[in-house]
There are 2 protein chains.
Amino acid sequence: MASHGGRGRSGGRPTLEEVAARAGVGRGTVSRVINGSPRVSDATRAAVEAAVAELGYVPNTAARALAANRTDAIALVVPEPETRFFAEPYFSDMLRGVGAELSDTEMQLLLIFAGSDRERQRLAQYLAAHRVDGVLLVSVHADDPLPDLLSQLEIPAVISGPRSAAESLTSVDSDNYGGGRSAVEHLLGRGRSRIAHITGRLDVYGAQRRAAGYRDALRDAGHPVDELLIEPGDFTEEGGRRAMTTLLSRDPGLDAVFAGSDVMAAGARQVLREAGRRIPDDVALVGYDDSAIARHMDPPLTSVRQPIEEMGRAMIDLLLTEIADRRPATSRGLDRRRAVLPTELVVRASS
Amino acid sequence: MASHGGRGRSGGRPTLEEVAARAGVGRGTVSRVINGSPRVSDATRAAVEAAVAELGYVPNTAARALAANRTDAIALVVPEPETRFFAEPYFSDMLRGVGAELSDTEMQLLLIFAGSDRERQRLAQYLAAHRVDGVLLVSVHADDPLPDLLSQLEIPAVISGPRSAAESLTSVDSDNYGGGRSAVEHLLGRGRSRIAHITGRLDVYGAQRRAAGYRDALRDAGHPVDELLIEPGDFTEEGGRRAMTTLLSRDPGLDAVFAGSDVMAAGARQVLREAGRRIPDDVALVGYDDSAIARHMDPPLTSVRQPIEEMGRAMIDLLLTEIADRRPATSRGLDRRRAVLPTELVVRASS
DNA sequence: ATCACTGGTGGGAGCGCTCCCACAGTACCT
DNA sequence: AGGTACTGTGGGAGCGCTCCCACCAGTGAT
């Protein structure tokens, strides 16, 4: 039914002006109705809404973006190759939370992978062009230049897993310290006393915090902290094996292990088995992440669960307020926000 | 260093006009250089490029979109909940191909899930607003209204897995017919003669084609087609079990089974085992999809591989030409395009 | 010398919005 | 009666591009 105009333009989508003419009001008034301004009388609003419905009017996003200097879109940036994104349920959970929280909004979510250098290049261009109003950053390494680029471009951003205690970006984190504590307190409660800790890579802030929780839990219970019972892994299964081997040689009598991730716990379990230790009878084992591995391990692994989906929701919340705050020009200065969500210990047969 | 202007606008990004002034040329010339028009002298081009570099000019996408009536973005629409998207490697492979093919382009890819009704609603709005230049459609059900919506809105679209032989959208498919043939020919070559077929849901076009390949391969080899050896499954493991049970009761002497998917093959395998049949000694088994299941099955499953990543690339190719063709206004009419990519039989121990 | 062309270039018009200023109308005070 | 204030409204200006027409040299043919 669409009548084609003279030039190549297709479709003849109605414009604000046409809606205004139809409703017998001015352009500005229609704009106010569309944007939900309260300064419109009920009668006028009704007339405009009728015209919008009759004409099937849909705002032109490009025009709006140009005039208002915003895009109504935010990006979820994953500085990893796509493969890892799909492999780890972490991202899937995060995305679910983000999507849910966004569904009440007009905001559009873009998923951007920046694993390769080339993709990084494109991302930088993309951000420089201000094609999004804000950015969600997940799984960022300590030396990544991305956060700096974002602050330089003055693009609102929220990072999941702050890079340090002094993180300059608004951040959302789970309570790694509390998670570490609860794991150790649980083991102590089970009557274990020689509790080892396989940490994650210690340049990852969260791994430091978990270790701190481990230390404080022991100390507060009146146990001395034996540094020989702390051995760094690197979040891999192989790293877990190596660390466990080392720990076992240092103290064959240890009766519990708190691993900084489920994957490392899986590695530790192998070594313990080979050394003839029964789990949990001889050595109790606790992991971190409550991943699928934990559920399927033999015996099923006690693990610290992070509320990843909730973290996604929190990130959106913070980002949206940050974007809203920026709009009225006054950059409110230095009060960086930070959210920390509680973890939960999921007890299974391994402890 | 950015000096703030009088009003609230932030940042002072350079505009075309500023680049033009700096390079000592007109606005139009800069635009030509940016867009790679050949009608610019080398000297002028160099001057403009220098000015662009000095000023760090990045085109304003919104302005371009408004003026040129295009967005330089395409959407990958997944009419499934996110969960399935992550669960099935199909999507991951497809995304890899799409991303790779797009990386030479200025085009931006959006990932849109439309599993729930609410998400569908948003998607419709999104498309009506013409926020993308084209759409990639994957895993669409036969009765989905989305394709019609797209043609109505005159948005270029490419679908993976056409819904029927009369698919109205440009489509990319793997050679399901050839895949079915090759599976059966392989089994015949192994000396099997009573070959059963567990089909997928027959309202899925690809499942029909696989079954057609099965029939023709038998017929061309001089074997009669016994309809009692064809039993529909529904792509699930349970469906595979049911179909296998039925087939075995109809013909206890069958010596091979071609299942329309690896998952159904897994179901069939269970039933065969319980019935005391050895694989492949008594009954040879072939699946379809070459998924992780196939590799991990005991014994490893012979399966037909679809070139999913290549399909992703092909979809982008077709979509981009479709978008380009549309630009010069003349809608070239009725010659719908269609690409069919070859499959490959991966032989393992089950046959 | 005149008349086509042709490759290069400048800049007006306009894309469809938002923002904001101006102004009419009403209400409520002095 | 005149002021003041506030609600609701219309429409100009302008966001930063692309498109296209007009125009200016050259160049070669007449």
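So that the names make sense, note that chain A is the first sequence line, chain B the second, and so on, each numbered from 1.
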Does A:Arg45 contact D:dG8 through a side-chain donor or acceptor facing the base, at a distance under 3.5 Å?
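Result: no qualifying N/O pair found.
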Can you check whether any acceptor in the base of D:dG16 is under 3.5 Å from a donor in the side chain of B:Arg13, or vice versa?
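Looking at the base of D:dG16, it does not pair with any donor or acceptor on the side chain of B:Arg13 (distance under 3.5 Å).
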Is it true that atom CG of B:Asp117 has more than 12 heavy atoms of other residues, nucleotides or ligands lying nearer than 6.0 Å?
no
On DNA chain D, nearest-nucleotide positions of A:Arg27 versus A:Thr44: which is more 5'?
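In this pair, the answer is A:Thr44.
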I want to confirm an ordering. Mapping A:Ser41 and B:Gly28 to their closest nucleotides on DNA chain D, which one lands closer to the 5' end?
A:Ser41
Mind checking whether B:Ile155 and B:His130 have side chains closer than 4.5 Å, heavy atoms only?
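Of all side-chain heavy-atom pairs linking B:His130 with B:Ile155, at least one is under 4.5 Å.
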Check the phosphate of C:dT18 against A:Asn35, side-chain N and O only, distance under 4.0 Å to OP1 or OP2. Yes or no?
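Yes, because at least one side-chain N or O of A:Asn35 sits under 4.0 Å from OP1 or OP2 of C:dT18.
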Between OG of B:Ser116 and CZ of B:Arg122, what distance do you get to the nearest 0.5 Å?
10.0 Å
Can you list every salt bridge (Lys or Arg N to Asp or Glu O under 4.0 Å) pair that touches residues 19-29 of chain B, not counting sequence neighbours?
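Sorted pair list: B:Glu17-B:Arg27, B:Arg22-B:Glu54.
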When the nearest nucleotide of DNA chain C is assigned to B:Pro38 and to A:Leu16 on a heavy-atom basis, which residue is associated with the more 5' position?
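Nearest-nucleotide comparison on DNA chain C picks B:Pro38.
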Quick one: label B:Arg64 by what it contacts on the DNA or RNA (base, sugar-phosphate, nothing), any heavy atom closer than 4.0 Å.
sugar-phosphate
What's the [atom1]-[atom2] distance between [X] and [N], to the nearest Å?
{"X": "A:Arg39", "N": "C:dT18", "atom1": "CZ", "atom2": "P", "answer": "18 Å"}
{"X": "B:Glu17", "N": "C:dG12", "atom1": "CD", "atom2": "C1'", "answer": "11 Å"}
{"X": "A:Asn60", "N": "C:dC17", "atom1": "CG", "atom2": "P", "answer": "5 Å"}
{"X": "B:Ile34", "N": "D:dG16", "atom1": "CD1", "atom2": "P", "answer": "15 Å"}
{"X": "A:Asn69", "N": "C:dT18", "atom1": "CG", "atom2": "C1'", "answer": "11 Å"}

Nearest-neighbour nucleotide for the [X] side chain, [options] considered:
{"X": "A:Ala68", "options": "D:dG10, D:dC17, C:dT18", "result": "C:dT18"}
{"X": "A:Arg32", "options": "C:dG16, C:dC20, C:dT9", "result": "C:dC20"}
{"X": "B:Ser31", "options": "C:dG7, D:dT18, D:dG10", "result": "D:dT18"}
{"X": "B:Thr29", "options": "C:dT9, C:dC15, C:dG16", "result": "C:dT9"}

I'd like to know if B:Arg131 and A:Asp72 make a salt bridge, using a cut-off of under 4.0 Å between side-chain N and carboxylate O.
no
